[in-house]
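Every chain is numbered from 1 and lettered A, B, ... according to where its sequence line falls, protein lines coming before strand lines.
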Protein chains: 2
Amino acid sequence: MSRRFDPDHTDRAILRLIQRDAALSLADIAKEVGLTPTPCWKRIRKMEQEGVITGRVVLLDPEKVGLGVSVFVAIETGDHSAPWIESFATTVAKMPEIVECWRLGGDVDYLLRVVVPDMQAFDTFYRRLTAQVPALRKVTSRFAMERVKSTTALPI
Amino acid sequence: MSRRFDPDHTDRAILRLIQRDAALSLADIAKEVGLTPTPCWKRIRKMEQEGVITGRVVLLDPEKVGLGVSVFVAIETGDHSAPWIESFATTVAKMPEIVECWRLGGDVDYLLRVVVPDMQAFDTFYRRLTAQVPALRKVTSRFAMERVKSTTALPI
DNA sequence: TCAGTAGTAGGAAAATCTTTTGCTTGCAAG
DNA sequence: CTTGCAAGCAAAAGATTTTCCTACTACTGA
C-alpha cells in the first residue's frame with residue numbers, strides 16, 4: 001500500500017468539489033475542472049483505488065433524527081499498557097454512540113464525541129462506558145451547546 | 001421548515017445503509033430493505049427535501065493527502081458578548097483548517113479540531129488564530145496521536 | 001352500514017441521464 | 001522516432017427518475 005499520493009492541481013480541484021458534493025455528475029465535475037468526463041472519471045477511480053478517497057456517504061441532520069445532543073468526553077486512564085489500549089479501542093468500536101475517538105498527547109489520554117438523543121440517554125451511555133472500561137482515572141464530560149462548524153471537507 | 005422527522009423502520013434501514021455507503025445503487029438499497037427501487041427512491045428524495053439528509057460527500061484519507069495532523073484547541077474567552085460570539089463564528093467559518101468548532105457548556109467555551117500537514121503548519125495557524133481573535137483568555141492545544149474512531153454515521 | 005373518496009405506499013415499465021468501456025489522438029520525455 | 005501518459009470521443013452498459021397504475025386505509029356523508 002502506497003504511503004502517499006500527490007494530487008496535481010486538477011486532482012485537488014476534483015477533490016475540493018466532491019468533498020462538498022458527491023452528487024455532482026461527472027459532466028458537471030469535468031466542466032468545473034476543465035476536462036471531459038472520461039479523464040475526470042479515471043482520476044476519481046484512481047484516487048479511490050489508491051485509498052485517497054475512502055468512501056462516499058450521506059450526512060444527516062442530527063436534530064432532524066432526534067440525535068441533537070453531542071457530548072465530549074475527556075478520559076485520563078490509569079493503565080497505559082498495550083492490552084488496555086487495545087481493549088479500549090475494541091469497546092469504542094462497538095459503541096455506535098461514540099462517533100469520534102482520538103488518542104491525544106498530554107494530560108488527556110482520549111477524547112470522545114458521543115451522540116445521543118438527550119441527557120438521559122447520555123447518562124445511560126456513561127454508565128455503560130464506565131462499567132465496561134476498567135482503570136479510568138478521570139472522566140470529564142462537556143456538553144455541546146452549539147455546533148458552530150462541522151465539515152468533512154479537508155483543507156486540501 | 002419542519003422541526004422533526006420520524007423515520008419508520010424502513011427509512012431507518014435506508015439511512016443506516018447510505019450513511020455508510022452512498023455509492024450503493026438504488027437496486028441494492030431496495031433489495032436490502034425489502035422494497036423495489038421506486039418507493040425506495042421516493043423515501044430518499046423525501047428525506048432530502050425534508051432536510052434529514054443534508055448532503056452527499058466523499059471522504060478522504062487525511063494521511064494520503066498530507067493532512068495527517070489533527071489538533072484539538074480548547075478556548076476560554078474573556079468576552080461572552082453576542083458580537084464577540086458572532087465575529088468568532090465568522091472567523092471560524094473562514095478558516096478551512098478548522099473542520100469542527102463546538103460551543104460548549106462549562107469551563108471550556110469552544111473546542112476546535114484543526115487539520116494541518118504538520119506541526120509547523122499548526123504553529124502558523126495558531127498565530128493567525130490568536131492574532132485574529134480578540135479577548136482569548138486561555139487557549140490549550142492538544143495533538144492527536146491516533147484516530148481510534150471517526151465516523152459520520154449517526155447511531156440511528 | 002356502506003359506497004365514495006382522499007391519502008399513502010408500493011410496483012412495473014419507459015424515459016432519461018450517467019457512468020463506463022474501447023478506441024484514437026496528441027504531446028512530451030527519453 | 002517511439003514509448004508512455006493523459007485526454008477525448010462515441011457507443012454500450014447501467015443507474016436514476018418519471019409516469020402510470022394498483023392496493024390498502026381511514027374518513028365522509030347519506
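- Note on ring orientation: taking the six-membered ring where Trp is involved, the planes of Trp84(B) and Phe88(B) are parallel (angle under 30°, cut-offs 30° and 60°).
- Paired with Ser70(A) under the rule side-chain hydrogen bond (donor to acceptor under 3.5 Å, both in side chains), one option of Arg113(A), Glu100(A), Arg142(A) passes, and it is Arg113(A).
- Here Arg43(A) pairs with Asp8(A) in a salt bridge; the nearest charged N to carboxylate O distance falls below 4.0 Å.
- In this structure, the CD1 atom of Ile44(B) is 15 Å from the P atom of dA9(C), given to the nearest Å.
- Between the C1' atom of dA7(D) and the NZ atom of Lys46(A) lies a distance of 14 Å, rounded to the nearest Å.
- Linking ILVMFWY side-chain heavy atoms closer than 4.5 Å, directly or via other members, places Val115(A) and Val52(B) in a single hydrophobic cluster.
- When all heavy atoms are compared, the tightest approach of Lys149(B) to Ala93(A) is NZ-O, 3.5 Å.
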| message | Please encode protein proximity along nucleotides 15-30 of chain C as a string of B, S and -, counting only heavy-atom distances under 4.0 Å. | response | ---SSSBB--------
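- As a whole-Å value, the separation of His9(A) NE2 from dA6(D) C1' is 16 Å.
- Protein atom CD of Gln49(B) is 13 Å distant from nucleotide atom C1' of dT17(D), rounded to whole Å.
- Neither Ile156(B) nor Phe122(A) shares a network with the other; the hydrophobic side chains, linked directly or stepwise wherever heavy atoms of I, L, V, M, F, W or Y lie under 4.5 Å apart, form separate groups for each.
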